[in-house]
Amino acid sequence: MEDYMVSTIEKINKQEFQNDLLNWFKEEQRDLPWRKDQDPYKVWVSEIMLQQTRVDTVIPYFNRFIEKFPTIEALADADEESVLKAWEGLGYYSRVRNLQAAVREVKENYNSKVPNTPEEIKSLKGVGPYTAGAILSIAYGVPEPAVDGNVMRVFSRILTIWDDIAKASSRKVFEQAVRELISHDNPSFFNQALMELGALICTPTSPACLLCPVREHCQAFEEGVQNELPVKTKKKSMKHIELIAAVLKDQEGKYLIHKRPSDGLLANLWEFPNVEKSQLVKPKDILHDFLKKDFRVDIQLEKESLTTIPHVFSHLTWNIDVYSGEILGQVEQKEDLKLVTKEELTQYAFPVSHQKMWKAYQEMVRA
DNA sequence: CATCCGTGGGT
DNA sequence: TACCCAAGGAT
């Protein structure tokens, strides 16, 4: 632990801090679907969904997911296709592929019981230090830290910790602080309360210090520096990619879709055929050659693109010029290349960018 | 350790 | 508008 922190953490009256935090949480905690019981599987699913994702976004996904896959066994036995479909639109799709792989391991090697030791649970795919601590504390009452962005923000203020929370190495500083202050009577509520406080009171901008249950323990408030914390360095700017895509229909009215590779961006999701734009070659010629060379498909495109779809990811942006066209002759379908009806399209998981494309295409057709 | 990996909402 | 952000993990 950093030397300067030793002095700040000693200022905390541990018992009073725990009482103030826990009493506030018992009164003010939100009524969330994953708080109805402590089923380790449901806690697990909720924690994976909540990674980098807002509570309001997760709620409907969680309810649908648990209804469709209510148990470890149900998720382990499901087709990956249907699991990805249930995650469609939630983002960070490797989360759900790792979740299903981990659930299958729990079914095979742990008799379908989520393990309850740090070593075992951290060995599961997609379960890192935060999620391990969250499941252990919330589902099993084990006093392990669950340090997420909320906890780092809250503790950086309470203890005036000036480490850069954008650096991976900072997490252990906060874990150590949590280990010293966590309630051993109720680790579950302690960890959840820290996150709830970060979400409702100790917010990134304009924290509601006058409503804060632990204001009297907060050294940043005492010094008037709560708006200077946490320290977080900025990330670098994004990359821009220009794409050309085509919604292609065959003589039977079926649409051509392609399954993306099993790694990288939007892995294993379906898409309309698309290729990166070039400065040298005309868009329609690129598309025509791409469909022929990669998929052995002959096409006839409409003259002009229907629209351009802008789509912003966390680390890059796409601008997709969308064309429509017809397929000439036959298509050799494969695992990753299919012709499907408009109705069948709804069974496949698409990234939001391609959902936008499809919507724009349909509006053009209707007009 | 830095980068990759989605999306929608807030300011 | 252009950022910033949200219950992170894998590589």
Side-chain angles (χ1 to χ4, degrees), chain A residues 29-30 32-35 42-62 84 87-99 101-102 121-139 145-154 164-172 174-175 178 188 190-200 202-206 230 232-241 260-269 271 310-318 349-356:
Chain A
Q29 66 167 298
R30 290 169 289 182
L32 300 174
W34 47 90
R35 288 179 176 164
K42 291 185 206 165
V43 172
W44 186 5
V45 170
S46 73
E47 292 301 339
I48 300 298
M49 284 189 173
L50 286 162
Q51 289 171 5
Q52 301 292 284
T53 311
R54 295 185 138 74
V55 165
D56 289 344
T57 302
V58 167
I59 289 173
Y61 279 92
F62 177 84
L84 264 180
W87 208 268
E88 183 185 46
L90 199 50
Y92 288 141
Y93 298 95
S94 67
R95 289 185 294 176
V96 76
R97 293 190 301 123
N98 287 335
L99 174 61
I121 201 161
K122 278 181 195 165
S123 75
L124 299 171
K125 282 186 185 171
V127 178
Y130 163 75
T131 304
I135 296 172
L136 287 166
S137 61
I138 297 171
V147 174
D148 70 338
N150 284 310
V151 174
M152 287 196 282
R153 183 172 60 256
V154 168
D164 180 1
I165 68 169
K167 290 183 180 294
S169 58
S170 296
R171 197 196 65 250
K172 67 181 189 301
F174 293 90
E175 283 179 346
V178 171
S188 167
F190 184 89
N191 281 341
Q192 291 185 76
L194 285 180
M195 294 187 277
E196 196 84 342
L197 189 68
L200 301 180
C202 195
T203 48
T205 59
S206 53
K232 189 176 187 180
T233 54
K234 306 181 201 301
K235 300 200 167 182
K236 65 162 193 174
S237 57
M238 302 195 290
K239 185 192 302 182
H240 300 272
I241 297 178
R260 296 176 61 88
S262 58
D263 57 5
L265 183 67
L266 304 167
N268 285 2
L269 269 67
E271 65 184 2
H311 193 75
V312 180
F313 297 90
S314 51
H315 58 302
L316 65 91
T317 66
W318 278 352
F350 287 83
V352 168
S353 52
H354 285 249
Q355 295 174 35
K356 290 181 193 168

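So you know, we letter chains A, B, ... as the sequences are listed, proteins then strands, and number each from 1.
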When the distance from CE of A:M195 to C1' of C:dA6 is rounded to whole Å, what number comes out? 13 Å
Just to be sure I understand the rule, does A:G198 reach a base, reach only the sugar-phosphate, or reach nothing, if contact means heavy atoms closer than 4.0 Å? nothing
Of all the choices, C:dA6, B:dT7, C:dG9, which nucleotide is nearest to the side chain of A:P129 once you look at every atom? C:dG9
Of the options C:dG8, B:dG6, C:dC5, whose atoms approach the side-chain atoms of A:P204 most closely? C:dC5
Do A:Y92 and A:Q52 have side chains that approach each other closer than 4.5 Å (heavy atoms only, starting at C-beta)? yes
Between A:I138 and A:W34, is any pair of side-chain heavy atoms under 4.5 Å apart? no
Can you tell me the distance, in whole Å, between the CD atom of A:Q52 and the P atom of B:dG9? 17 Å
Base, sugar-phosphate, or nothing for A:T131, non-hydrogen atoms under 4.0 angstrom? sugar-phosphate
If you look at every strand shown and take non-hydrogen atoms under 4.0 Å, does A:L32 touch a base, only sugar-phosphate, or nothing? base
Here the distance between atom P of B:dC5 and atom CE of A:M238, to the nearest Å, is 14 Å
Flag, side chain of A:E175 to backbone of A:V147, donor-acceptor distance under 3.5 Å: no
Give A:R260 one of three labels, base, sugar-phosphate or nothing, depending on what nucleic acid heavy atoms sit under 4.0 Å from its own. nothing
Taking for each residue the nucleotide of DNA chain C bearing the nearest heavy atom, is the 5' side occupied by A:R171 or by A:R54? A:R54
Just to confirm, is there a sub-4.0 Å distance from OP1 or OP2 of B:dG6 to any side-chain nitrogen or oxygen of A:T53? no
Is the shortest side-chain N/O distance from A:H311 to OP1 or OP2 of B:dT7 below 4.0 Å? yes
Of all the choices, B:dC5, C:dA6, B:dT7, which nucleotide is nearest to the side chain of A:Y92 once you look at every atom? B:dC5
Compare side-chain N and O positions of A:S169 against OP1 and OP2 of B:dC1 and report whether any pair is under 4.0 Å apart. yes
Is any side-chain nitrogen or oxygen of A:Y93 closer than 4.0 Å to OP1 or OP2 of B:dT7? yes
Once you apply a heavy-atom cut-off of 4.0 Å, does A:V312 come out as touching a base, just sugar-phosphate, or nothing? base
Rounded distance (Å) that lies between atom P of B:dG9 and atom CG of A:L90: 13 Å
Expressed in angstrom and rounded to an integer, what is the separation of A:N268 atom CG from B:dG6 atom P? 11 Å
Indicate, with a heavy-atom threshold strictly under 4.0 Å, whether A:S314 touches base, sugar-phosphate, or nothing. base
In whole Å, I'd like the distance from the CD1 atom of A:I241 to the P atom of B:dG6. 13 Å
Give a yes or no on this: more than 12 heavy atoms of other residues, nucleotides or ligands lie within 6.0 Å of atom NZ of A:K356. yes
Look at A:H315 and B:dC4 and indicate whether a side-chain polar atom (N or O) is within less than 4.0 Å of OP1 or OP2. no
Between A:R153 and C:dA6, is there a contact of a side-chain N or O with OP1 or OP2 at under 4.0 Å? yes
A:V43 backbone acceptor or donor facing A:S46 side chain under 3.5 Å: yes
Expected output: side-chain A:T53 to main-chain A:Q51 donor-acceptor under 3.5 Å: yes
Integer angstrom distance from the P of C:dC4 to that of B:dT3: 15 Å
For A:Q355 and A:S206, find the nucleotide of DNA chain B closest to each by heavy atoms; which residue's nucleotide sits nearer the 5' end? A:Q355
Pick the closest DNA chain B nucleotide for A:F350 and for A:A168 by heavy atoms, then say which residue is nearer the 5' end. A:A168
Protein-nucleotide distance (A:M49, atom CE; C:dG9, atom C1'), rounded to Å: 17 Å
Without decimals, in angstroms, what is the distance between A:K232 NZ and C:dA6 P? 6 Å
In terms of the nearest nucleotide of DNA chain C, which residue is placed more toward the 5' end: A:L124 or A:R30? A:R30
Assess, by modelled atom type and distance only, whether the side chains of A:Y130 and A:E47 contain a donor and an acceptor separated by less than 3.5 Å. yes
